[in-house]
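Residue numbering restarts at 1 for every chain, and letters A, B, ... go by the order of the sequence lines. Only heavy atoms go into these numbers, but all of them, side chains included; no hydrogens, no water, no symmetry mates.
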Amino acid sequence: MRYSEMFLPTGREVPSDAEVISQQLMIRAGMIRKLTSGIYSYLPLGYLVIRKLEQIIRGEMNKAGAQEVHMPMVQPMELWQESGRWELYGKELLRFRDRHDHEYCLGPTHEEVITSIVRNDIKTYRQLPRNLYQIQTKFRDEVRPRFGVMRCREFGMKDAYSFDADEEGAEKSYEKMFVAYNNIFRRCGLKFRPVEADSGSIGGKYSHEFMVMAESGEDAMVFCEKCSYAANLEKAEVACPERKEIFEDDWLTMEEINTPDVRTIEEVSTFLNVKPQDIVKTLIFDADGKQYAVLIRGDHEVNEIKVKNYLAANEVELASDEIIMKATGSPRGFAGPVNIKIPILLDYSVIDMVNFVTGANKEDYHFKNVNIGRDFRIQAFADFRIMTDQDKCPRCGSDIKFARGIEVGHVFKLGTKYSKAMKAVFLDKDGQEKVMIMGCYGIGIGRTIAAGIEQNHDENGIIWPMPLAPYQVIITPVNVNEEEVMKAAEGLYKSMLDENIEVIFDDRDERAGVKFKDADLIGIPLRVVVGQKNLVQGKVELKIRKNGENKLYPLQEIVQQVKQIILQELQYSE
RNA sequence: CGGGGCGUAGCGCAGCCUGGUAGCGCGCCUGGUUUGGGACCAGGAUGUCGAGUGUUCAAAUCACUCCGCCCCGACCA
């Protein structure tokens, strides 16, 4: 396309509210514009990239045997009541009424809709398995949208749903998607990694997240240096340590100590001159209205998700001051396991500790020389903490590493959570009625693009990998007022169009510097510069955006040269 | 939901404290000179100062209310 006719508003200045580099560059490159908090428009350049990604996704999904559908964004309350999520989903679910006062929501995801479709039209095992997907706009009323298109309220998502007759089949469906996802992100030219993850409110047995490696990523992950173990930090399992033998003879007499206004681990540690590792932290959690005390070694942090999953609770949060007062009889900062009236959950980190310090459930007092079994009894013993870099791989015991990433895809084994609640059943070979086994598989479209930019940019702008590039080449005549130059450039433009090369012809009457800056900013992989000096010798210049390589080619050969590079780079990503 | 900040030209900002009717840079328009990494000179256009109410002779400026946006936290696929 001719640049002079394009709607491509690039900008020199960084918008004041853009924090992450991908957001800044998407705005400066004229890809997106914000409408309101967490809601963006895609301008032509941005939408071209979106469509490139969508086509890659479609290709891989179809190849994996999934079929594309399109479901409504507006969904009736009744459907969500069937699955139970009308009550459970919380404020992220945007609800509203129509003129007849019927209640609806904007779909944050489509398990309900797809299940309602499938249950009506799939009746027998002969129709299974099936995998249906769509690329569609979702709405989640995020508490705090941020990072531009990375975490917004309205966003494009590819979501697929598989239905199987048995566990074995479900496993296969999951595997297929897992493979397809690897292909998709590889073809996009992204550095990524699948990691084990928590299933969150979608529910289900287990899941993998696809993380694009990026320092600015919102998610922390852990991976093993030796084996293939990789997990989201919130999921990363801390192995149960080998139990040491505990000798009751070593137990010292428990003592109550006056610790005025000493609350935090740090304060206790300083005041009593003990290491944080010798203190046991007692945290009071409220799980769906019931309180639990979680005990953990002083230098560790509790992983609320593990607590939530262990208790199979819908919502878990640290208790408020009033609830702490009620549960322990003391203000915040003095909770302890001795004589507490609520159930005690003990983290692995505490199991081998003897003669430790805890709160005394009494304002301004702590106990020392507390021991498990003698001074209190526990209800459960499990992994409740956040992994640290001191921990070892839970699979093979080797050292682990931490990294940050952006979650661009998530594959879930749902099991029968929705099919059971919504009665998606079929008849098997024996004429027995069975519940379908489901899986669901999502890819954040805009987020993947943003993640791609986070990984591929320099101080001058975006550097598109060929498969995602909105255009493959930009032709830059140095001076549009020089007849020879323009004639040659026009000729190149035509031949490239004839060769189906995606090309921008920068025919604007701008200084060369301006055009170079814009070309770099919008990240076109190849730039062909047509200038008087080289043209005299029948040559044009080809500059590669990603490595800055700059070479002269005869005018007659440049189109084939460009074509070859494009094919090579697209193939490389297959 | 708690804490903080911001809202003035298309964009980035100054002016507000100490009230007197709005300015800078970029961009935009016209003319000229330029023309290989965001040119220069000359001229020009553009603002319900987020909205409302109040105080005042007079409000971008002071007060109150509302709205919007952003940041930190809580929460979250």
Side-chain angles (χ1 to χ4, degrees), chain A residues 9-20 23-24 27-28 30 33-39 85 88-93 107-111 138-148 150-153 155 157-159 197-204 207-211 218-219 232 234-235 304-305 308 315-321 406-412 440-447 459-461 476-482 485-486 506 508-521 527-535 540-541 543 548 550 552:
Chain A
T10 58
R12 196 193 310 226
E13 298 195 67
V14 180
S16 58
D17 55 3
E19 319 153 68
V20 292
Q23 185 186 10
Q24 295 171 1
I27 294 169
R28 286 189 54 210
R33 289 293 180 263
K34 184 167 75 181
L35 219 211
T36 182
S37 180
I39 299 181
R85 286 206 289 186
L88 293 181
Y89 213 95
K91 288 188 189 154
E92 268 190 42
L93 188 65
T109 172
H110 283 72
E111 282 82 9
K138 306 279 187 238
F139 193 94
R140 295 184 191 173
D141 199 358
E142 277 293 326
V143 202
R144 187 145 94 79
R146 58 183 129 177
F147 305 141
M150 288 243 257
R151 181 172 215 78
C152 46
R153 298 195 291 173
F155 59 98
M157 183 166 164
K158 187 287 301 177
D159 46 325
D198 185 70
S199 301
S201 68
I202 298 279
S207 70
H208 285 92
E209 284 169 346
F210 284 79
M211 293 283 196
E218 284 192 279
D219 290 282
N232 190 309
E234 64 185 30
K235 166 83 176 181
E304 285 189 27
I305 289 165
K308 180 175 157 180
E315 222 171 302
V316 165
E317 53 181 6
L318 270 172
S320 63
D321 287 2
I406 300 163
E407 179 195 344
V408 291
H410 204 155
V411 291
F412 294 84
C440 77
Y441 317 92
I443 292 178
I445 303 289
R447 189 182 273 193
E459 63 281 2
N460 292 315
T476 309
V478 167
N479 186 338
V480 298
N481 300 312
E482 285 164 350
V485 167
M486 275 313 264
D506 194 350
R508 294 174 301 164
D509 185 8
E510 288 284 355
R511 295 168 66 86
V514 173
K515 298 195 201 185
F516 293 155
K517 287 286 181 191
D518 274 333
D520 284 351
L521 177 61
R527 187 176 81 200
V528 175
V529 181
V530 185
Q532 188 70 257
K533 275 175 251 164
N534 292 322
L535 201 57
V540 292
E541 185 181 316
K543 182 153 184 172
N550 210 347
L552 288 177

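Nearest-nucleotide assignment on RNA chain B puts the 5′-proximal partner with A:K543, out of A:K543 and A:E234. A residue-by-residue look at A:G531 and A:V316 shows that A:G531 has its nearest nucleotide of RNA chain B further toward the 5' end.
Taking a pair to require two hydrogen-bonding distances under 3.5 Å in either a Watson-Crick or a G-U wobble arrangement, B:G68 pairs with B:C6. Using Watson-Crick or G-U wobble geometry with both donor-acceptor distances under 3.5 Å, B:C16 finds no partner in any strand shown. Here B:U48 sits opposite no nucleotide as a Watson-Crick or G-U wobble pair (both hydrogen-bonding atom distances under 3.5 Å). Pair assignment for B:G37: none, as no Watson-Crick or G-U wobble contacts are both less than 3.5 Å.
The side chain of A:R28 has B:G38 as its nearest neighbour among B:G73, B:G38, B:C13. Between B:G25, B:C72, B:C70, one nucleotide has an atom nearer to the side chain of A:R144 than all others, and that is B:C72.
Between the base of B:G38 and the side chain of A:D518 there is a donor-acceptor pair shorter than 3.5 Å. The base of B:G36 is paired with the side chain of A:E541 by a donor and an acceptor separated by under 3.5 Å. For B:G37, its base sits under 3.5 Å from the side chain of A:D520 at one donor and acceptor pair at least.
The interatomic distance linking A:K517 (NZ) with B:G36 (C1') rounds to 13 Å, in whole Å. The CD-P distance, from A:E317 to B:G2, rounds to 15 Å in whole Å. Here B:C75 presents its P atom at 18 Å from CG of A:L88, a figure rounded to the nearest Å. Summarising the geometry, the separation between CD on A:E13 and C1' on B:C24 is reported as 12 Å, rounded to the nearest angstrom.
Between A:R12 and B:G38, a side-chain N or O to OP1/OP2 separation shorter than 4.0 Å is absent. Contact annotation: A:S37 side-chain N/O to B:C70 OP1/OP2 distance is under 4.0 Å. Of the side-chain N and O atoms in A:T36, none sit less than 4.0 angstrom from OP1 or OP2 of B:G68. For A:S16, no side-chain nitrogen or oxygen approaches OP1 or OP2 of B:C11 to under 4.0 Å.
The structure places CD of A:Q532 at 4.5 Å from CD of A:E482, a figure rounded to the nearest 0.5 Å.
Taking atom C1' in both B:U48 and B:U33, the straight-line distance is 41 Å, to the nearest Å.
Side-chain contact between A:M150 and A:Q23 is absent, with no heavy-atom pair separated by less than 4.5 Å. The closest side-chain heavy-atom distance from A:R140 to A:Y89 is below 4.5 Å.
Between A:E111 and A:R85 there is a salt bridge, since a side-chain N of the basic residue sits under 4.0 Å from a carboxylate O of the acidic one.
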